[in-house]
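This report refers to the structure that appears directly beneath it.
One is the number of the first residue; the rest follow in order along the sequence.
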Amino acid sequence: MISRPRSIVVLTGAGISAESGIETFRAAEGLWANHRVDDVATPEGFARNPQLVYEFYNQRRRQLLTPEISPNAAHSALAKFEHEFDGEFLLVTQNVDNLHERAGSQNLIHMHGELLKMRCLNSKLVFDVSEDFDYDTHCRCCRSAGNLRPHVVWFGEMPLQMNRINSALENCDMFVAIGTSGNVYPASGFYQTAKIRKASTVELNLERTGSSFDRHVRGPATECVPQFFESLLRS
């Protein structure tokens, strides 16, 4: 029986949303939805060809908003745990979709931004968006075209709310990584920060990664996440 933690931080990655039909980044080929990552997920790519980047994220946003894409059992299990758990809980996701919110999660950080938001390059203000936008779209604050970009953290940019995330990791007694290799900075340091503070660390993933978690649970997120978090609630 797993002892129930008093404070828990959960990190989710592409593996949890893949089972809902969200296409993942294929690291071996350096491709994302058949595009080179350097072309669609870097500041340099946006500077070279902004229209390509706009269209790439417009397509991803359209897919996310189709009826076929919905939260799965893993998203629902995390939301259920958050609402029933009597300790401190923080959910950090590397995903830019809104499936955690749709499942009912509330104490949530999108460290890599959100597909359903856009950001002004001048004021840094962030706006909700559900439709296509591009270079010709007028910014709501500047009233000018050409000032908007996807509110997504690209390679070479610092993830969002890192101070809050690190504070939670330093004070938690359990860290759980779901559907992510955790091998890319800064997520690669999350479990190390937790371990330094004597927290237990758990990896739920299709395959075991090279990270030295205290416990590894292999299997699809839709199976192992509900089982694991239900066991925590019963402990």
Side-chain angles (χ1 to χ4, degrees), residues 11-14 16-17 20-25 30-71 75 79 82 90-168 184-187:
L11 172 69
T12 63
I16 195 171
S17 291
S20 288
I22 301 290
E23 189 165 6
T24 62
F25 165 54
L31 297 176
W32 197 358
N34 297 316
H35 290 77
R36 291 179 63 250
V37 169
D38 287 347
D39 291 335
V40 296
T42 64
E44 294 79 11
F46 184 59
R48 283 195 307 268
N49 191 344
Q51 197 58 41
L52 174 65
V53 176
Y54 285 127
E55 182 55 28
F56 175 77
Y57 289 96
N58 286 339
Q59 289 176 356
R60 297 190 70 207
R61 190 179 308 106
R62 289 180 217 135
Q63 182 205 25
L64 177 59
L65 295 174
T66 60
E68 292 77 19
I69 302 297
S70 62
H75 296 105
E82 177 184 347
L90 177 64
L91 176 57
V92 181
T93 185
Q94 297 170 299
N95 301 328
V96 296
D97 59 63
N98 66 343
L99 298 182
H100 282 303
E101 291 95 327
R102 289 166 61 183
S105 293
Q106 295 180 335
N107 198 19
L108 171 67
I109 292 176
H110 280 274
M111 63 180 289
H112 289 163
E114 300 178 61
L115 194 56
L116 296 180
K117 294 185 184 296
M118 58 186 177
R119 184 168 77 243
C120 175
L121 292 167
N122 293 331
S123 69
K124 312 305 180 186
L125 291 176
V126 177
F127 306 98
D128 292 334
V129 61
S130 58
E131 299 177 347
D132 290 0
F133 74 96
D134 57 23
Y135 189 85
D136 295 323
T137 303
H138 280 66
C139 176
R140 299 176 194 174
C141 59
C142 301
R143 307 297 180 184
S144 302
N147 293 334
L148 295 168
R149 60 160 280 180
H151 184 53
V152 173
V153 176
W154 290 325
F155 288 93
E157 298 180 327
M158 180 57 68
L160 307 175
Q161 299 194 51
M162 286 300 298
N163 288 339
R164 182 183 170 197
I165 294 170
N166 284 323
S167 177
V184 178
Y185 180 83

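- Side-chain contact between Leu11 and Gln94 is present, with at least one heavy-atom pair separated by less than 4.5 Å.
- Not a single donor-acceptor pair under 3.5 Å links the side chain of Asn147 to the backbone N or O of His138.
- In this structure, Glu157 pairs ionically with Arg149, as a charged nitrogen and a carboxylate oxygen lie closer than 4.0 Å.
- Within the model, atoms CG of Leu121 and SG of Cys139 stand 8.5 Å from one another, a figure rounded to the nearest 0.5 Å.
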Going by atom type alone, with no hydrogens or angles, which donor-acceptor pairs under 3.5 Å involve a side-chain atom of residues 44-52 and a protein atom two or more places apart or on another chain?
unit_1	atom_1	unit_2	atom_2	d
Arg48	NH2	Asp38	O	3.1
Arg48	NH2	Asp39	OD1	3.0
Asn49	OD1	Leu52	N	3.2

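- Defined by atom type and a distance below 3.5 Å, a donor-acceptor pair is present between the side-chain atoms of Glu55 and Gln59.
- Residues His110 and Val153 are not in side-chain contact: their nearest non-hydrogen atoms beyond the backbone lie 4.5 Å or more apart.
- The main-chain N or O of Val40 is found under 3.5 Å from a side-chain atom of Tyr57 such that the two form a donor-acceptor pair.
- In this structure a side-chain-to-backbone donor-acceptor pair under 3.5 Å is present from Thr93 to Asn95.
- A salt bridge is absent between Arg60 and Asp97; no separation between the charged side-chain nitrogens and carboxylate oxygens falls under 4.0 Å.
- By the 4.5 Å heavy-atom criterion applied to side chains, Leu99 and Ile22 are counted as neighbours.
- Under a 3.5 Å cut-off, the side chain of Gln63 and the backbone N or O of Gly21 do form a donor-acceptor pair.
- With Ser20 contributing its side chain and Pro71 its backbone, the two residues share no donor-acceptor pair below 3.5 Å.
- Considering only heavy atoms from C-beta on, Glu114 stays 4.5 Å or farther from Val96 through its side chain.
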Under the side chain to side chain contact (heavy atoms under 4.5 Å, CB included) rule, what do Ser17 and His75 come out as? Steps first, then yes or no, please. CA-CA 8 Å; Ser17 291; His75 296 105; 3.7 Å; yes
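- Between Pro150 and Phe56, the closest side-chain pair of non-hydrogen atoms is not below 4.5 Å.
- Of the possible donor and acceptor atoms, one in the side chain of Arg61 sits under 3.5 Å from a partner among the backbone N and O of Leu115.
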May I have the step-by-step check of side chain to side chain contact (heavy atoms under 4.5 Å, CB included) for Gln161 and Val92, ending in yes or no? CA-CA 10 Å; Gln161 299 194 51; Val92 181; over 6 Å; no
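- Atom CE of residue Met118 and atom OG of residue Ser130 lie 9.5 Å apart, to the nearest 0.5 angstrom.
- Considering every non-hydrogen atom in both Ala79 and Ala103, the closest pair reads CB-O, 3.4 Å.
- Going from atom CG of Asp134 over to atom CG of Asn58 covers 7.0 Å, rounded to the nearest 0.5 Å.
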